[in-house]
Amino acid sequence: MIRLIKGFHDILPDETPKWGFIIRTAGETLERFGFREIITPVMERTELFERGIGQVTDIVEKEMYTFEDRSGDHLSLRPEATAGILRAVVEHSLLRREPILKVYTIGPMFRRERPSKGRFRQFFQINAEVLGDDSPFTDAEAITAAHAIMTNIGASGLMMEINSVGCQQCRDDFRAKLRRFLEPHLDELCPDCRRRYDLNPLRILDCKVDRCREIAKDAPVISDSLDAGCKEHFHKVQEILSLLEVPFRVEPRMVRGLDYYTRTAFEIIHEELGRSKAVGGGGRYDTLLKELGGPDASGIGFAIGVERLAMGMREEDPSYARRTDVYVAILGEKAREAGIRIVNSLRRQGLSAETRYSGMSLKAQMKVADKVRAKNVLMIGDDELARQEVTVRDMQTGDQFRISMDGIACYLQGDKR
RNA sequence: GAGGGCGUAGCUCAGUUGGCAGAGCACAGGGUUGUGGCCCCUGUGGCCGCGGGUUCGAGUCCCGCCGCUCUCCCCA
């Protein structure tokens, strides 16, 4: 047996209704917020991600599926959606046609990490971006949209955690300040944090090791390093979120994994999934578009992990259940021709109709009808055939009666309402 | 990358001091010549993850490998 790739997963017929519901609801919600769908390839030139995400990030350094194709091009499976979307926006000059662009995409991303609960090597993300507007209203709108998706899908126990990581200038200042504070404690930090000290000291604030937390508790907070503009921006975002009644909590220590974030950063935390597992996250990026060859415009985006979202949902929603309008039970060879014509005609009229061809007993066919959750069963045997009738059974009530073949559609359509 | 746990029927899992491979669910047939769900009976289905070792004898004990899973790291 050939098994599927580690960290990848199949979504089987029993689960696809739930997925369909999530994806449909997310799309509908985003359309309501003025986003339009964009679909970009799952593969891009490696260089795009190196420039977009940042060469020193974990994602690019060790998590990408990267290879050379037969002509020697360096290609990678996308580890996130933003870079590809921005590439398409720049390549097709979409921002020249409309100065503010709102797009979303839903599809698989790939990261070669060690799989664990809620983490896969192929995973689906709902991804939305607003480009060309750096107003704090837009930050709040993006956060509100992310929250709306979650609530429309029926997730509970949600919290939006927000922070401002400042603009380029603020971050440089803060980094220096943080290093100065941490220097005397360097040998008390965990090995990872010692490494982070040089590469990305901001991450130390986010460490889960007890001792590091203790030290970080008294560390300077980025909000004190924000310049007037960034401070005002962040303040405004909070004000608008309160106005819109989106529940949020300021997390001064939150730092996100992708390097390109500036100013607003946020995460969607689902309490039941455990504190270190965000269902989604996002933030503003002031320079990314320009770095990818686009205009000097700011953008903000977020991603929601579909697998994690599905984990946090209530189970057994009856609206996912399989439904069939009618099962046609064919009794005997002679009735087969009439049976398949009826099935076909019902389907043409937009009803879901199912049957079995292999001459099963009525009892067996009733079991099939039950399994596909048919609302009605139509029975056709020799007797019905002779009179050009069918026997209709309402599977809910068990009521049963004969109608003429000509009246089938009429009866079932009326029944469907 | 580091560390735990687990691999027995399609699924969930029992399996005693080493002694004939089990249950529930699912599936198929029957109890009803043409009537589902509930109930009863019967049946199909196993390289006991793979390879080696110990033993008269291994699902069980030992070693190696593979796979899955969880925690840490990081992230969606």
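Proteins get letters first, then strands, A, B, ... in listed order; numbering begins at 1 in each.
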Counting any heavy atom closer than 4.0 Å, what does Phe124(A) reach on the DNA or RNA strands: base, sugar-phosphate only, or nothing?
nothing
Nearest-Å distance, CG (Asp14(A)) to C1' (G10(B))?
13 Å
Any donor-acceptor N or O pair under 3.5 Å, side chains Gln122(A), Tyr65(A)
no
How far does the C1' atom of G24(B) sit from the matching atom of C20(B), given to the nearest Å?
23 Å
In whole Å, what separates the C1' atom of G45(B) from that of G29(B)?
15 Å
Output the rounded distance in Å from CG (Asn376(A)) to P (U35(B)).
19 Å
Under 4.0 Å, heavy atoms only, any strand: does Gln122(A) hit a base, just the sugar-phosphate, or nothing?
nothing
Presence of donor-acceptor pair under 3.5 Å, side chain of Lys363(A) and base of G29(B):
no
To the nearest angstrom, the CE-C1' distance between Met360(A) and U33(B) comes to 17 Å
Candidates A76(B), G29(B), U35(B) - which lies nearest the side chain of Arg111(A)
A76(B)
Applying a 4.0 Å non-hydrogen cut-off, can you work out what Gly332(A) is touching in the nucleic acid: base, sugar-phosphate, or nothing?
nothing
Between the base of G3(B) and the side chain of Arg114(A), is there a donor and acceptor pair under 3.5 angstrom?
yes
Select from Arg121(A) and Gly381(A) the residue whose nearest nucleotide in RNA chain B is closer to the 5' end of that strand.
Gly381(A)
Whole-Å distance separating the CG atom of Asp399(A) from the C1' atom of G36(B):
14 Å
Roughly how many Å is it from CD1 in Ile380(A) to P in U35(B), rounded to a whole number?
17 Å
Heavy-atom side-chain contact between Arg111(A) and Phe123(A) under 4.5 Å:
yes
Mapping Gly7(A) and Ile304(A) to their closest nucleotides on RNA chain B, which lands nearer the 5' end?
Gly7(A)
Rounded to whole Å, how long is the line connecting atom CE of Met150(A) with atom C1' of A76(B)?
11 Å
Candidates G36(B), C70(B), A76(B) - which lies nearest the side chain of Lys367(A):
G36(B)
Short side-chain N/O contact from Lys6(A) to OP1 or OP2 of C68(B), under 4.0 Å
yes
Pairwise P distance for C11(B) and C68(B), with rounding to whole Å
15 Å
Pairing nucleotide - C72(B), Watson-Crick or G-U, each distance under 3.5 Å
G1(B)
From the options A76(B), C70(B), G37(B), select the nucleotide whose nearest atom is closest to the side chain of Arg393(A).
G37(B)
Could you check how far CZ of Arg112(A) sits from P of G1(B), rounded to whole Å?
7 Å
Could you work out the separation of C73(B) and G1(B) based on their C1' atoms and round it to a whole Å?
8 Å
Opposite nucleotide pairing with U35(B), Watson-Crick or G-U, both atom distances under 3.5 Å
none
Where the side chain of Arg119(A) is concerned, which of U71(B), C73(B), G37(B) is the nearest nucleotide?
C73(B)
Is the shortest side-chain N to carboxylate O distance from Glu44(A) to Arg78(A) below 4.0 Å?
no
If I pick the P atom on G57(B) and the same atom on U42(B), what distance separates them, to the nearest angstrom?
37 Å
Is it true that atom CZ of Arg336(A) has more than 12 heavy atoms of other residues, nucleotides or ligands lying nearer than 6.0 Å?
yes
Centroid separation under 6.0 Å, is that true for the rings of Phe120(A) and Phe110(A)?
no
Between G52(B) and U12(B), how far is it from one P atom to the other, in whole Å?
28 Å
Looking at Arg402(A), I want to see if its CZ is surrounded by more than 12 non-hydrogen atoms of other residues, nucleotides or ligands under 6.0 Å.
yes
Does any nucleotide pair with C25(B) by Watson-Crick or G-U wobble geometry, both distances under 3.5 Å, and what is it?
G10(B)
Rounded distance in Å between the P positions of U60(B) and U16(B)
11 Å
Residue of the set Gln349(A), Arg348(A), Arg341(A), Arg347(A) for which side-chain hydrogen bond (donor to acceptor under 3.5 Å, both in side chains) holds with Ser345(A)
Gln349(A)
Any chance CG of Asp14(A) has more than 12 other-residue heavy atoms, nucleotides or ligands included, within less than 6.0 Å?
no
What is the distance from CE of Met366(A) to C1' of A28(B), rounded to the nearest Å?
18 Å
Could you tell me the Watson-Crick or G-U partner of G64(B), where both distances fall under 3.5 Å? Say none if there is no partner.
C50(B)
Where the side chain of Arg308(A) is concerned, which of A76(B), G34(B), U71(B) is the nearest nucleotide?
A76(B)
Could one point to a donor on the side chain of Gln365(A) or the base of G34(B) with an acceptor on the other under 3.5 Å away?
no
Scan Asn127(A) against the nucleic acid and name what it touches under 4.0 Å (heavy atoms): base, sugar-phosphate only, or nothing.
nothing
To the side chain of Phe120(A), which of G37(B), A76(B), G29(B) is closest?
A76(B)
Between U44(B) and G59(B), how far apart are the two C1' atoms, rounded to whole Å?
23 Å
Scan Met109(A) against the nucleic acid and name what it touches under 4.0 Å (heavy atoms): base, sugar-phosphate only, or nothing.
nothing
